[in-house]
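Reminder, nothing fancy here: chain letters follow the sequence lines and each chain counts from 1. None of these values were measured; they are calculated from a predicted model.
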There are 2 protein chains.
Amino acid sequence: MTRYAKQTRLLVAVDCIIFGFDGTEMKLLLVKRSLEPEKGRWSLMGGFVDINESFEKAAARVLKELTGLENVYMEQLFAFGEPNRDPIERTASITYFSLIDIQQYEQQISHEYHAEWFPVKKIPSLIFDHRDMIEMAKEKLRYKAALHPILFELLPPKFTLPQLQNLYEGVYDAIMDKRNFSRKVLSTGLLVKQKDKDKLSSKRGAYYYKIDKRKYLTKFNAFLNFVPNPQNLK
Amino acid sequence: MTRYAKQTRLLVAVDCIIFGFDGTEMKLLLVKRSLEPEKGRWSLMGGFVDINESFEKAAARVLKELTGLENVYMEQLFAFGEPNRDPIERTASITYFSLIDIQQYEQQISHEYHAEWFPVKKIPSLIFDHRDMIEMAKEKLRYKAALHPILFELLPPKFTLPQLQNLYEGVYDAIMDKRNFSRKVLSTGLLVKQKDKDKLSSKRGAYYYKIDKRKYLTKFNAFLNFVPNPQNLK
DNA sequence: ACAAAAGTGTTTTTGCTACACCCATGG
DNA sequence: CCATGGGTGTAGCAAAAACACTTTTGT
């Protein structure tokens, strides 16, 4: 006996929700779908899982094809499996969300897939259930980032506190007090102050910080609490 | 065009991690596998996804087959898809964990599947990657229950505070102060004190409480914080 | 009467919030 | 010299933790 007889077999795809932060707002990388059905419409970057490939590998492959990036933060989001989510043939989609440093994204690759960054507030009409996927990813990102220091993954290796605060404010649609924010962030011990400053966005310049990789790995699963409770909603 | 040509199709199964609480410790419901390979070994309850069935439906079906229960708390855990996780043929497994009131579990059904409750601390050797699934489920349960009032799902409709505290202590392997615990729990406003007492586990008897369903649904997504921070590990 | 578990209140500590002024620099 | 954004300290408050005694009742 080498097969489970009589059982249905399904197509299985991966779809990647790729977050980037341009210093001002959160963005998502979308592509123009290259195959029927719905050819030409915007969609998440995805692909079928190969016969001997794990889901993680498939998602990493798809991400690399599109962005040129490897070893980036990537996490399984959810398995979407409604029977009719793809009208052509039943296809399950295992979704992954990733956080990338938008500056490392290789521009030239985008032409091949007609990729474009869209502000998460202005996502165009998408195929299938891709909008649901994005909504879920946004929620999970907020959930996770409230407890773990994952948002650093969206920033370049050297970043300033104002940049970091902008990022948190964008993700949570909140205004935070810079004094409280810096105290909280620095109290984690995860940041190492650099000697040089970023002079681009202000006259005085803001000190760069780097992540303390060792502590980052150690403390990653220590629950944090970055998000202030009161409804500081914008 | 009605099919995506050339792509591999996979078997897709669901597996259920079923948690129960017997008043003293957390347990998991396991079955003796009825088909080859690994026939006769302990495993999670699972089944293949039918052609026109969503993953959620499949998981609910499998759960009902085994326990007779419907409308219980159930949440997608993770999609396991390593190419060789099933030696016979590549099979993806979409896992769900559920929380059931162990007292409502129908005993007679267990014979059909040779089902048995095992303390989570004493799980026997399992097939495939089922142990990984359980580890992940335990972790997610701790994670989720730290923020949301899901553990009530494991208790009967009427329960006492000592029972509830036992449950939390079991899940987190921690000792909690009963004064702080009751204050915290009652401050959520989720519990309604009953007039009668449970006289089984003590001479004095402990008051029963019920969930305020309306508030439960309203407050479910309001982050809670049940678990004390310091390492009160046993 | 005593053992065993239930129930309850206060003090201390900690962490979060709110808040305002000075600094450095490029123009 | 001044406008702009960066950087820092403190006081008040609320939530969490630590902690001990009384109550009930079956045996």
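- For A:Lys199 and D:dG5, the shortest distance from a side-chain N or O to OP1 or OP2 is not below 4.0 Å.
- Separation of the B:His130 and B:Phe80 ring centroids does not fall under the 6.0 Å cut-off.
- Counting heavy atoms from C-beta on, the side chains of A:Glu116 and A:Leu29 never come closer than 4.5 Å.
- Here the closest heavy-atom approach between residue A:Ser182 and residue A:Leu161 is recorded as CB-CD1, 3.8 Å.
- In this structure, B:Asp177 places its CG atom 13 Å from C1' of D:dC21, rounding to the nearest Å.
- Here C:dA18 presents its C1' atom at 13 Å from NZ of A:Lys184, a figure rounded to the nearest Å.
- Side-chain atoms of B:Lys140 do not come within 3.5 Å of backbone N or O of B:Lys144 as any donor-acceptor pair.
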Apply the test side-chain hydrogen bond (donor to acceptor under 3.5 Å, both in side chains) to residues B:Gln103 and B:Tyr105: give CA-CA distance (whole Å), side-chain angles for both, the deciding distance (0.1 Å), then the verdict.
CA-CA 5 Å; B:Gln103 295 179 27; B:Tyr105 167 65; over 6 Å; no

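- Put simply, CG on A:Leu200 is 12 Å from P on C:dG27, counting in whole angstrom units.
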Can you give me the N/O atom pairs linking the protein to nucleotides 10-13 of chain C at distances under 3.5 Å, or say none if there are none?
{"from": "C:dT10", "atom 1": "O4", "to": "B:Arg183", "atom 2": "NH2", "distance (Å)": "3.2"}

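- Counted within 6.0 Å of CD on A:Glu139, heavy atoms from surrounding residues, nucleotides or ligands total 12 or fewer; the atom is thus considered open.
- Distance, A:Phe181 CZ to D:dT8 P: 14 Å, rounded to whole Å.
- Applying the ring-ring contact (aromatic ring centres under 6.0 Å, His included) definition to pairs two or more places apart or across chains, none involves residues 189-214 of chain B.
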Passes ring-ring contact (aromatic ring centres under 6.0 Å, His included), A:His148 versus B:Tyr143? Steps please.
CA-CA 12 Å; A:His148 305 283; B:Tyr143 198 96; 5.7 Å; yes

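- If you measure from atom CG of A:Leu164 to atom C1' of D:dG6, you get 15 Å, rounded to the nearest angstrom.
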Are any protein N/O atoms closer than 3.5 Å to N/O atoms in nucleotides 5-8 of chain C? If there are, list each pair with its distance.
{"from": "C:dA6", "atom 1": "O3'", "to": "B:Gly205", "atom 2": "O", "distance (Å)": "3.4"}
{"from": "C:dA6", "atom 1": "N7", "to": "B:Lys178", "atom 2": "NZ", "distance (Å)": "3.1"}
{"from": "C:dA6", "atom 1": "N3", "to": "B:Arg204", "atom 2": "NH1", "distance (Å)": "2.4"}
{"from": "C:dG7", "atom 1": "OP1", "to": "B:Tyr207", "atom 2": "N", "distance (Å)": "2.8"}
{"from": "C:dG7", "atom 1": "N7", "to": "B:Lys178", "atom 2": "NZ", "distance (Å)": "3.0"}
{"from": "C:dG7", "atom 1": "O6", "to": "B:Lys178", "atom 2": "NZ", "distance (Å)": "2.9"}

